[in-house]
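Predicted model, so just to flag it, every value in this text is computed and none were measured.
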Amino acid sequence: MLVRLPPGAKRDIVLRELQEVHKHAIDTLKQSESIDVEAWSAYNQYLSWVDNATYRLRYHLSDEDLNTLVLSKRYWTLLNVTTSLPSPRLKDLVIVELEARETAVGLAAQRLAEQIERWTRPGAFVMFDTSVFVHHEEKLEDIDVGGLLGSRDHQVHLLVPMVVIDELDQLKESKNRHVRWRARHSLAVLDRLLPHPTHPSILRPADFTPLNSGGIPRGEVTVEIILDPPGHSRLPIEDDEIVDQAATAQVLAGRSVTLVTFDTGQSMRARAAGLQCIKIEQPPEESPSTS
């Protein structure tokens with residue numbers, strides 16, 4: 001599983017704590033499996049591991065992830081055991097639970113390390129909300145993403161959360177012809193570029209030819225889909241979910257993620273969440289005449 005880091009968390013610190021908790025689980029499991037260790041001693045060692053793991057991770061993970069990794073259903077069952085439970089049975093339960101926790105925490109640490117390595121790349125990170133795909137004057141593959149960020153010659157990595165993909169899928173049936181066409185076109189581009197949704201792809205290659213005439217080169221633009229983690233529950237308001245995804249990506253990337261939008265409300269949400277935000281202004285319409 002990929003743990004969901006809360007805003008303000010430091011990815012390297014979270015990874016180190018997960019690795020320490022995993023190492024402690026391995027040591028506790030080895031001790032509990034020893035034939036010289038009595039059942040109740042193994043039980044107390046397990047509870048000590050839980051207390052230590054909870055203390056280490058409580059401010060670094062969501063309650064949901066902490067429950068999944070440490071405070072499992074079997075933990076609550078073991079917490080309420082009585083002395084009437086036969087010792088061999090108690091020791092077996094402790095060992096089974098420690099094996100499960102060791103595996104879960106180890107995989108979480110591995111996935112987080114992989115994600116950190118994956119996003120340790122040069123360039124700026126940016127996320128478009130749905131309005132940009134639909135209302136920008138340029139089609140997706142033609143948008144000067146670097147220009148929006150004020151850094152045309154730098155590499156840019158565009159993040160597209162699944163909630164935006166789902167919104168575009170809904171807009172394919174819009175009554176507005178322009179919105180319908182732009183939604184379908186954007187989805188077609190992403191589908192073509194990302195045959196493997198878990199891997200990034202190049203949206204626009206770098207272009208250094210303007211240097212020949214004294215112009216400004218364009219850096220490479222890559223694109224990546226941000227899939228919902230298994231079991232993830234989206235926020236009721238889709239705009240809130242997009243901001244939340246950007247804030248989570250910002251923690252995992254270890255750098256600022258800039259949200260680009262046409263919407264005033266979305267811009268306010270992003271800034272309130274501590275994100276950098278670029279609000280693209282639409283040409284104002286003429287004031288309606290008054291009688």
Is a side-chain donor or acceptor of Arg58 paired with a backbone partner of Tyr55 at a separation under 3.5 angstrom?
yes
Quick check for you: to the nearest 0.5 Å, what is the distance between Glu102 atom CD and Ile26 atom CD1?
4.5 Å
Keeping the roles fixed (side chain from Ser48, backbone from Asn44), state whether a donor-acceptor pair exists under 3.5 Å.
no
Quick one, Phe125 and Arg255 - any side-chain contact, counting heavy atoms below 4.5 Å?
yes
May I ask whether Met268 and Val243 are part of the same hydrophobic cluster, defined by side-chain heavy atoms of I, L, V, M, F, W, Y residues being less than 4.5 angstrom apart, directly or through others?
no
Side chain of Asp263, backbone of Gln266: donor and acceptor closer than 3.5 Å?
no
If you count every heavy atom of other residues, nucleotides or ligands that lies below 6.0 Å from His196 atom NE2, does the total exceed 12?
no
Closest non-hydrogen atom pair, Leu194 against Ser201:
CD2-CB, 3.7 Å
Atom pair CG (Leu259) and CD (Gln245), whose distance is rounded to the nearest 0.5 Å:
11.5 Å
Evaluate Ile242 against Thr130 for side chain to side chain contact (heavy atoms under 4.5 Å, CB included), listing each step before the verdict.
CA-CA 9 Å; Ile242 294 171; Thr130 312; 4.2 Å; yes
Please answer whether the main-chain N or O of Phe262 pairs with a side-chain N or O of His136 as donor and acceptor at a distance below 3.5 Å.
no
With a 4.5 Å limit on heavy-atom distance, are the side chains of Leu79 and Leu47 in contact?
yes
Return the minimal non-hydrogen interatomic distance between Val94 and Ser32, and the atom names on each side.
CG1-OG, 4.5 Å
Counting only heavy atoms from other residues, nucleotides and ligands, does the tally under 6.0 Å from CE of Met162 exceed 12?
yes
Counting C-beta onward and ignoring hydrogens, is there a side-chain heavy-atom pair between Val14 and Glu17 closer than 4.5 Å?
no
Are Ile116 and Leu227 connected in a single hydrophobic cluster, I mean Ile/Leu/Val/Met/Phe/Trp/Tyr linked by side-chain heavy atoms less than 4.5 Å apart?
yes
Judged by atom type as modelled, is there a donor-acceptor pair below 3.5 Å linking the side chain of Glu220 to the main-chain atoms of Gln155?
no
Same apolar cluster (I L V M F W Y, side chains within < 4.5 Å links), Val37/Leu93
no
Closest contact, heavy atoms only, Ala53 versus Val21
CB-CG1, 3.7 Å
Between Thr248 and Leu5, is any pair of side-chain heavy atoms under 4.5 Å apart?
no
Could you measure the distance from the CD1 atom of Ile165 to the CD1 atom of Ile225? Nearest 0.5 Å is fine.
4.0 Å
Distance col, row Glu138:CD vs Leu148:CG, nearest 0.5 angstrom, shows 10.5 Å
Between the side chains of Arg182 and Ser186, does any donor sit under 3.5 Å from an acceptor?
no
Parallel, tilted or perpendicular: which fits the ring planes of Tyr46 and Trp49, with parallel below 30° and perpendicular above 60°?
parallel
Does the side chain of Arg269 reach to within under 4.5 Å of the side chain of Asp240, using non-hydrogen atoms?
yes
Using 4.0 Å as the upper bound for N to carboxylate O, is an ion pair formed by Arg16 and Asp12?
no
Can you hop from Tyr59 to Val3 via hydrophobic side chains spaced under 4.5 Å?
no
Answer whether the closest heavy-atom distance between the side chains of His24 and Asn52 falls below 4.5 Å.
yes
Side-chain donor/acceptor of Arg11 to backbone N/O of Leu252, under 3.5 Å
yes
Can you confirm whether His22 sits close enough to Leu18 that some side-chain heavy atom of one is under 4.5 Å from a side-chain heavy atom of the other?
no
Please indicate whether Asp142 has more than 12 foreign heavy atoms, meaning atoms of other residues, nucleotides or ligands, lying under 6.0 Å from its CG.
yes
Evaluate Gln110 against Leu107 for side chain to side chain contact (heavy atoms under 4.5 Å, CB included), listing each step before the verdict.
CA-CA 5 Å; Gln110 179 182 335; Leu107 287 175; 4.1 Å; yes
If you apply the rule side chain to side chain contact (heavy atoms under 4.5 Å, CB included), what do you find for Thr258 with Phe128, and how did you get there?
CA-CA 9 Å; Thr258 301; Phe128 290 170; over 6 Å; no
May I have the step-by-step check of salt bridge (charged side-chain N to carboxylate O under 4.0 Å, His left out) for Asp169 and Lys172, ending in yes or no?
CA-CA 5 Å; Asp169 267 325; Lys172 288 191 305 184; 3.2 Å; yes
Decide, yes or no, whether a salt bridge links Asp166 with Arg234 under the criterion of side-chain N to carboxylate O below 4.0 Å.
yes
With no hydrogens and no angle check, do the side chains of Ser174 and Asn176 hold a donor and an acceptor under 3.5 Å apart?
no
Can you give me the closest heavy-atom contact between Ala124 and Leu149, atom names plus distance?
CB-CD1, 3.8 Å
Pick from Val145, Val189, Leu193: which one makes a side-chain contact (heavy atoms from CB on, under 4.5 Å) with Leu140?
Val189
Side chain to side chain contact (heavy atoms under 4.5 Å, CB included) between Val221 and His157: does it pass, once the steps are laid out?
CA-CA 6 Å; Val221 179; His157 191 54; over 6 Å; no
Please work out which of the three classes, parallel, tilted or perpendicular, describes the rings of Trp40 and Tyr43, given edges at 30° and 60°.
perpendicular
Quick one: are Gln276 and Val257 in side-chain contact, heavy atoms under 4.5 Å?
no
Ion pair check, Arg101 and Glu99, cut-off under 4.0 Å:
no
Trp181, Val179: one ILVMFWY side-chain cluster at the under-4.5 Å cut-off?
no
Rounded distance [0.5 Å steps], CG in Leu112 versus CG in Leu15
5.0 Å
Check the surroundings of atom CD in Glu117: do more than 12 heavy atoms from other residues, nucleotides or ligands lie under 6.0 Å from it?
no
Looking at every non-hydrogen atom in both residues, tell me the closest pair between Ser34 and Lys91 and how far apart they are.
O-NZ, 2.7 Å
Could you go step by step and tell me if Glu97 and Ser72 meet the side-chain hydrogen bond (donor to acceptor under 3.5 Å, both in side chains) rule?
CA-CA 9 Å; Glu97 176 60 1; Ser72 66; 2.4 Å; yes
Can you name the closest pair of heavy atoms from Leu69 and Ala104 and give their distance?
CD2-O, 3.6 Å
Could you check Leu168, Ile226, Val223 and say which one makes a side-chain contact (heavy atoms from CB on, under 4.5 Å) with Val160?
Val223
State whether Asp27 and Lys30 are salt-bridged, where the test is any N-O pair (Lys NZ or Arg NE/NH1/NH2 against Asp/Glu carboxylate O) under 4.0 Å.
no
